[in-house]
Number of protein chains: 2
Amino acid sequence: MSVTIKDVAKKAGVATSTVSRTIQDSSSISEKTKQNVRRVMKEIGYRPNLTARGLVKQTTQTIGVILPVSQGQGFQNTFFLSMIRGISKACNEKKYMVSLASGTTEAELLESIQTMAEGGRVDGFIVLYSKKDDPIIEYLHQEKVPYAMIGKPYKYENEMLYVDNDNVVAGKDAANYLLQLGHKKIAFIGEDAKQMVIRERLKGYTQALEDAGIQIDEELILDVTLPEAAYQRKIKQLFGNGDFPTGIVASDDLIALNMSYLLSGFGLKIPTDVSIIGFNNSIFAEKFRPELTSIDLHTDSLTSQTVYQLIELMVGKQTLAVKIILPHQIIERQSCIRNDN
Amino acid sequence: MSVTIKDVAKKAGVATSTVSRTIQDSSSISEKTKQNVRRVMKEIGYRPNLTARGLVKQTTQTIGVILPVSQGQGFQNTFFLSMIRGISKACNEKKYMVSLASGTTEAELLESIQTMAEGGRVDGFIVLYSKKDDPIIEYLHQEKVPYAMIGKPYKYENEMLYVDNDNVVAGKDAANYLLQLGHKKIAFIGEDAKQMVIRERLKGYTQALEDAGIQIDEELILDVTLPEAAYQRKIKQLFGNGDFPTGIVASDDLIALNMSYLLSGFGLKIPTDVSIIGFNNSIFAEKFRPELTSIDLHTDSLTSQTVYQLIELMVGKQTLAVKIILPHQIIERQSCIRNDN
DNA sequence: CTGAAAGCGCTTACAG
DNA sequence: CTGAAAGCGCTTACAG
């Protein structure tokens, strides 16, 4: 129905192979012929059928993006969307397409990934999360499907491609930033300690305090995913009296913003009473008041590096298990001030 | 390299056409042969090559999802991700795959959509936004590419498939809810009045007030995308003195949450001083404090209906320009109380 | 109920 | 520099 290489060939008076070669700008075709063929292609509105090309080339020029099985990852929401957007952007640039793999259960996700991979619909995958004992990773690894991870792997760390920040150092820097401003009682509030990224930031926070000779107080470490009642009690315990923490490291900007509201319930203001630093330097860090000091993770590079490296891997140019660690950066805004008590 | 229909045929001692037919569970193949073939398929781990199938069937079993060109759609972030997840879920169920189309400019987006559509990589598209003079819609329409919109179209309203809520009524219901609680001075705070959905909710708000015999006060209508300084000034003007609005309709939960913080800057508390109702009933409505009363738009049905209808359209079963309007529902939580002043 | 053959729209050795 | 032919892995009339 739609116009094919045959139509072009006929109209241009050449063989289909010649058309195919001019599409690929093969050097074995004379400029003159190419120009003629190109003119005809434009004239009759030819667009290559990617499916046919994929069939013979055994490649699809598409990357599958694997989202985590959805489970109350509320605060990470906006992070995933920006990952998707970033990957999409890098793929456009490289003339790749992106397909999405997601599922409501692990089995559903795996099934969907299998049909994509074995059905020849994608050349490789990008995994957007990292968790323990993940059957998805296990599958990709066993089947030798090319894949890359954004984040730090639990397993196969030395055998796979991944791009990440150094979240331990990032957590450390966040805590150090507050320490240098004179804060001594600093809380860490994170989402779901099962996630690798949260664990790492927490580890960094711990190190910073220890390096500063401050004893770690478990009461100052909170998990947002605690049952509601417990969480409220903890918050009250922390901020409901005079001896509250004057600094908070929040594992995500949105958590920081929620804290800012919770604090106002105790009559505490940011940054006057409490300084707070977030992560991700998301759009909310700028939009909300007070503007949030936040750690930028360079998500744009995170995604583009991942795409570039994965492509190298898929086309076979690169076979080493490269790991790329990107720097982070504190973006200072108005949520942290000096505390000299 | 990987195992094909030929391998199965050889091993099972039948023709490839027989294998093909048992894959499709054709009634013209005896149960006995089918079982034998299936056994062999399982044995040697056969998975159909979707690309090859797509080439002959002229169908790809994939749906393209079109994201808006990114432009500070901060507060909508989480909405898009849930749309994507919902579509993905419905597609899994129907054995469809989803490809993403996005771009940093309109030209890039269009280009990407064109190669997907004309390259035969998708059977149809779902457009996740609605805006005026959209070249994307224009293209899809002219080329007669099957597509559906989530939201209300600006153009071709009677010629295209779309699934939406009645956002005018939703806006009206939100305002009425506050009116019935005794509020008289009610503000509307929305993101980017250029978006269809915001305009509709605003229209509903206006109608509700008029029906209640309340004169519309333009000062009570705010656009979050205003330049920072202007926005701050307006907010201060509204809430910086004793005669502040006691009710707020916020076009998104996150806007409501930001307001809750801004208000605390003026010493105002939710719901004691000001009641506020949001939209989308997002995860944040539950997670933040106070828990937000919000309008649920049944996004799950929004996405699944869209997928089902689009599939009908793509396979040619349905050619009418169906529009589906889903109901909304107020989820009452703790951010609105009675006001009898 | 089953098979041989043509064809989907491309690409790529192989000849010339 | 160009073309005829085979083939990528399937599906589907057409015969029998």
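Predicted, not measured: the structure shown is a model, and the values here were computed from it. Order of the sequence lines fixes the chain letters, A, B, ..., with proteins taken first and strands second; residue numbering starts at 1 for each chain.
Here the rule is side chain to side chain donor-acceptor pair (under 3.5 Å) with Asp134(B), and of Tyr154(B), Tyr129(B), Tyr139(B) only Tyr129(B) fits it.
Donor-acceptor pairing under 3.5 Å, judged by distance alone, is present between the side chain of Ser17(A) and the base of dA4(D). One cannot find a donor-acceptor pair under 3.5 Å joining the base of dA4(C) and the side-chain atoms of Thr16(B).
Few gaps surround NZ on Lys34(A); more than 12 heavy atoms of other groups in view lie less than 6.0 Å from it. Applying the 6.0 Å contact sphere to CG of Asn158(B) captures no more than 12 heavy atoms from other residues, nucleotides or ligands.
Take the nearest nucleotide of DNA chain C for Val19(A) and for Arg21(B): the residue whose nucleotide is more 5' is Arg21(B).
Atom CD in Gln61(B) sits about 12 Å away from atom P in dT11(D), given to the nearest Å. For the pair Asn36(A) CG and dC1(D) C1', the computed distance is 14 Å after rounding to whole Å. Computed from coordinates, the Lys6(A) NZ to dT11(C) C1' distance equals 14 Å when rounded to whole Å. Look at CG on Leu50(B): it is 15 Å from C1' on dC8(C), rounded to the nearest Å. The interatomic distance linking Asp25(B) (CG) with dT2(C) (P) rounds to 13 Å, in whole Å. Rounded to an integer number of Å, the gap from Ile5(B) CD1 to dG7(D) P is 18 Å. Straight-line distance from the NZ atom of Lys57(B) to the C1' atom of dG7(C): 15 Å, rounded to whole Å. As a whole-Å value, the separation of Lys10(A) NZ from dG3(D) C1' is 17 Å.
Ion pairing between a basic and an acidic side chain is recognised when a charged N comes within 4.0 Å of a carboxylate O; Glu157(B) and Lys323(B) show such pairing. With respect to the salt-bridge test (charged N to carboxylate O, under 4.0 angstrom), the residues Arg38(A) and Asp25(A) qualify.
A parallel orientation is assigned to the rings of His141(A) and Tyr156(A), their planes being inclined by less than 30° (bins at 30° and 60°).
With dT11(D), dC10(C), dT2(D) as the choices, the nucleotide that has an atom nearest any side-chain atom of Ala52(A) turns out to be dC10(C). Of all nucleotides listed (dC1(D), dT11(C), dC10(D)), dC1(D) comes nearest to the side chain of Thr33(A). For Leu55(B), taking side-chain heavy atoms from C-beta onward, the closest of the listed nucleotides dC1(C), dC8(C), dT11(D) is dC8(C). Set against dG3(D), dG9(D), dG9(C), the side chain of Asn49(A) has dG9(C) as its closest nucleotide. Considering only the side chain of Thr18(B), dG3(C) comes nearest among dT11(D), dG3(C), dG9(C). Comparing dG9(C), dG3(C), dA4(D) by their nearest atom to the side chain of Ala15(A) picks out dA4(D).
Contact annotation: Gln24(A) side-chain N/O to dT12(C) OP1/OP2 distance is under 4.0 Å. The phosphate of dT11(D) has OP1 or OP2 within less than 4.0 Å of a side-chain N or O from Ser20(B). At dG9(D), one or more side-chain N or O atoms of Gln58(A) fall inside 4.0 Å of OP1 or OP2 (strictly under the cut-off).
Cation-pi geometry between Lys152(A) and Tyr162(A) is not met at under 6.0 angstrom from the ring centre and within 45 degrees of the axis.
For DNA chain D, if you chain together Watson-Crick or G-U pairs that step i with j, i+1 with j-1 and so on, the runs of at least three with distances under 3.5 Å are C:1-3 with D:14-16, C:5-12 with D:5-12, C:14-16 with D:1-3.
Residue Thr59(A) is out of contact with every strand shown, counting any heavy-atom pair closer than 4.0 Å. Contacts of Ser30(A) with the nucleic acid, taken as non-hydrogen atoms under 4.0 Å apart, involve only primed sugar atoms and P, OP1 or OP2. When heavy atoms are screened at a 4.0 angstrom cut-off, Ser26(A) is found touching no nucleic acid atom at all.
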Item to check | Check against side-chain contact (heavy atoms from CB on, under 4.5 Å), Lys89(B) and Ser304(B) | outcome: CA-CA 8 Å; Lys89(B) 186 178 163 194; Ser304(B) 59; over 6 Å; no
